[in-house]
A.B. asks: 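Just passing along the structure, written as structure tokens.
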Amino acid sequence: GFFILATLYNGAGSVDDFEVVDCNQHGAAIVHQRRETLIGRRFSGLYRDDTFSRVMEVLRIAVERGAWDGELEFQPEGSTDSRWMQLKAVRSDSKLAITLRDISESKAHVAALEHRGNHDALTGLPNRHWLQWYLPQAIERARENRQTLALLFIDLDGFKAANDTMGHAAGDELLRH
């Protein structure tokens, strides 16, 4: 999606909001609006307060530095779905040219791969790789915050016998429980 936003300043000369000067159809669809209804609207009316705050911070940086490029989580006003966007903003005079690309699917794919890499496929519990990565950090955080930390280790005696006599499906069910 593509947007052109005019910068709106408050009485103190700080960036207060943005007004949509133009956008393409894809941009309008990203915010669940029609292009015609977006032109002239203030940016603050397009997103929930928490999303608006994050996006405004980024857009203020773009106004100040001349550009910003990165990833942001968006949640349009009146919507419960959240989407990740690659946002690039470039300043030209008092306007910002913004391109948005939905990267939600790739973010979800990466999260699923990370989950698979860090959790046991059978039980869904964190695996050894996760433990080796997370435990040292958890110990350090507990030490810094003067908190206690507990680690539970369970060893199933005779599991091989249960697997051999009742079959692997029964053994898998036992492990899940």
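Starting from 1, each residue takes its place in the sequence as its number. Bear in mind that the values here come from a model prediction, so they are computed numbers and not experimental data.
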A.B. asks: Show the nearest heavy-atom pair for residues Gln33 and Arg41, with the distance to one decimal.
C.D. replies: OE1-NH1, 3.1 Å

A.B. asks: So does Cys23 get a backbone contact from the side chain of Arg35, meaning a donor-acceptor N/O pair under 3.5 Å?
C.D. replies: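 Looks like yes, one N/O pair under 3.5 Å.
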
A.B. asks: Would you mind reporting whether Arg101 and Met85 have side-chain heavy atoms less than 4.5 Å apart?
C.D. replies: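 No - every pair of side-chain heavy atoms lies 4.5 Å or more apart.
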
A.B. asks: Take atom CD of Gln147 as the centre, draw a 6.0 Å sphere, and report whether it contains more than 12 heavy atoms from other residues, nucleotides or ligands.
C.D. replies: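 It does: Gln147 CD has more than 12 such atoms within range.
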
A.B. asks: Kindly indicate, with the supporting measurements, whether the criterion side chain to side chain contact (heavy atoms under 4.5 Å, CB included) is fulfilled by Leu59 and Ile98.
C.D. replies: CA-CA 9 Å; Leu59 296 181; Ile98 298 183; 3.5 Å; yes

A.B. asks: Once rounded to the nearest 0.5 Å, what's the spacing between atom CZ of Phe3 and atom CG of Leu96?
C.D. replies: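 The CG atom of Leu96 is 12.5 Å from CZ of Phe3, to the nearest 0.5 Å.
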
A.B. asks: Do Tyr9 and Asp16 have side-chain heavy atoms sitting under 4.5 Å apart?
C.D. replies: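 They are not in side-chain contact.
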
A.B. asks: Any chance the side chains of Gln25 and Arg34 put a donor and an acceptor closer than 3.5 Å?
C.D. replies: no

A.B. asks: Let me confirm one number: the CG-CG distance from Leu46 to Leu38, rounded to the nearest 0.5 Å.
C.D. replies: 6.0 Å

A.B. asks: Do Val21 and Ile30 share a hydrophobic cluster, counting only Ile, Leu, Val, Met, Phe, Trp and Tyr and linking them when any side-chain heavy atoms are less than 4.5 Å apart?
C.D. replies: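 Different clusters: Val21 never reaches Ile30 through Ile, Leu, Val, Met, Phe, Trp or Tyr contacts under 4.5 Å.
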
A.B. asks: So, taking the atom named CZ in Arg60 and the one named CH2 in Trp68, what distance separates them when rounded to the nearest 0.5 Å?
C.D. replies: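 One gets 14.5 Å once the value is rounded to the nearest 0.5 Å.
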
A.B. asks: Just wondering, do Leu113 and Arg116 contact through their side chains at under 4.5 Å, heavy atoms?
C.D. replies: yes

A.B. asks: Charged N to carboxylate O below 4.0 Å: is that the case for Lys107 and Glu71?
C.D. replies: yes

A.B. asks: Once side-chain hydrogen bond (donor to acceptor under 3.5 Å, both in side chains) is applied, what residue pairs with a partner in residues 149-168 remain, sequence neighbours excluded?
C.D. replies: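 Output for this query lists Lys160-Asp164, Asn163-His168.
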
A.B. asks: State, to 0.1 Å, how close Phe18 and Leu8 come at their nearest heavy-atom pair, and which atoms those are.
C.D. replies: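 Closest pair (atom of Phe18, atom of Leu8, distance): C-CD1, 4.0 Å.
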
A.B. asks: Any side-chain heavy atom of Leu100 within less than 4.5 Å of one from His26?
C.D. replies: no

A.B. asks: Identify whether Leu72 and Val15 are in the same connected component of the hydrophobic contact network (ILVMFWY, side-chain heavy atoms under 4.5 Å).
C.D. replies: yes

A.B. asks: Determine, step by step, whether Ile139 and Gln137 satisfy the side chain to side chain contact (heavy atoms under 4.5 Å, CB included) criterion, reporting the C-alpha distance in whole Å, the side-chain angles of both residues, the deciding distance to 0.1 Å, and the verdict.
C.D. replies: CA-CA 5 Å; Ile139 292 170; Gln137 292 179 18; over 6 Å; no

A.B. asks: Look up atom NE2 in His129 and atom OH in Tyr134, then write down how far apart they are to the nearest 0.5 Å.
C.D. replies: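 If we round to the nearest 0.5 Å, His129:NE2 and Tyr134:OH are 15.5 Å apart.
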
A.B. asks: Please name the pair of heavy atoms, one in Leu87 and one in Val58, separated by the smallest distance, quoted to 0.1 Å.
C.D. replies: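 That closest heavy-atom pairing would be CD2-CG1, 4.0 Å.
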
A.B. asks: Strictly below 4.0 Å, N to O, side chains only: are Arg141 and Glu144 in salt-bridge contact?
C.D. replies: no

A.B. asks: Is it the case that one hydrophobic cluster holds both Leu175 and Ile154, taking links as side-chain heavy atoms less than 4.5 Å apart, direct or via other members?
C.D. replies: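 Yes, because Leu175 and Ile154 connect within a single hydrophobic cluster, where side-chain heavy atoms sit under 4.5 Å apart.
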
A.B. asks: Taking CG in Asn10 as the centre, count heavy atoms belonging to other residues, nucleotides or ligands within less than 6.0 Å. Is the count above 12?
C.D. replies: yes

A.B. asks: Got a donor-acceptor contact below 3.5 angstrom from the Arg176 side chain to the Thr123 backbone?
C.D. replies: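 Side chain of Arg176 to backbone of Thr123, a donor-acceptor pair under 3.5 Å: no, none is there.
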
A.B. asks: Between Thr7 (side chain only) and Ser94 (backbone N and O only), is there a donor and an acceptor less than 3.5 Å apart?
C.D. replies: yes

A.B. asks: Do Phe52 and Asp17 come within less than 4.5 Å of each other through their side chains, counting heavy atoms only?
C.D. replies: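 Phe52 reaches Asp17 side chain to side chain.
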
A.B. asks: Which is it for Arg54 and Glu73 under the side chain to side chain contact (heavy atoms under 4.5 Å, CB included) test, yes or no, and what are the steps along the way?
C.D. replies: CA-CA 9 Å; Arg54 286 193 314 269; Glu73 187 177 17; 4.0 Å; yes

A.B. asks: Go through the side-chain N and O atoms of Gln86 and Asp69 and say whether any donor and acceptor fall under 3.5 Å apart.
C.D. replies: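 Looking only at side-chain atoms, Asp69 and Gln86 do form a donor-acceptor pair, the distance falling under 3.5 Å.
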
A.B. asks: Could you state the interatomic distance from CG (Leu122) to CD (Glu173), rounded to the nearest 0.5 Å?
C.D. replies: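 Reported value, rounded in 0.5 Å steps: 9.0 Å.
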
A.B. asks: Determine the minimum heavy-atom distance between Pro136 and Leu131, stating which atoms define it.
C.D. replies: CD-O, 3.8 Å

A.B. asks: Is the side chain of Ser104 donor-acceptor paired with the backbone N or O of Trp84 at a distance under 3.5 Å, no angle test?
C.D. replies: yes

A.B. asks: Show the nearest heavy-atom pair for residues Leu5 and Phe43, with the distance to one decimal.
C.D. replies: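 Shortest heavy-atom separation between Leu5 and Phe43 comes out as CD1-CD1, 4.1 Å.
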
A.B. asks: Would you call Leu174 and Phe159 a side-chain contact if the rule is heavy atoms closer than 4.5 Å?
C.D. replies: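 A side-chain contact exists here, since the closest heavy-atom pair is under 4.5 Å.
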
A.B. asks: Over all heavy atoms of both residues, which pair between Gly1 and Asn24 is shortest? Give the atoms and the distance, please.
C.D. replies: CA-OD1, 3.6 Å

A.B. asks: Might you work through the side-chain hydrogen bond (donor to acceptor under 3.5 Å, both in side chains) test for His119 and Asn127, ending with a clear yes or no?
C.D. replies: CA-CA 5 Å; His119 291 79; Asn127 63 16; over 6 Å; no

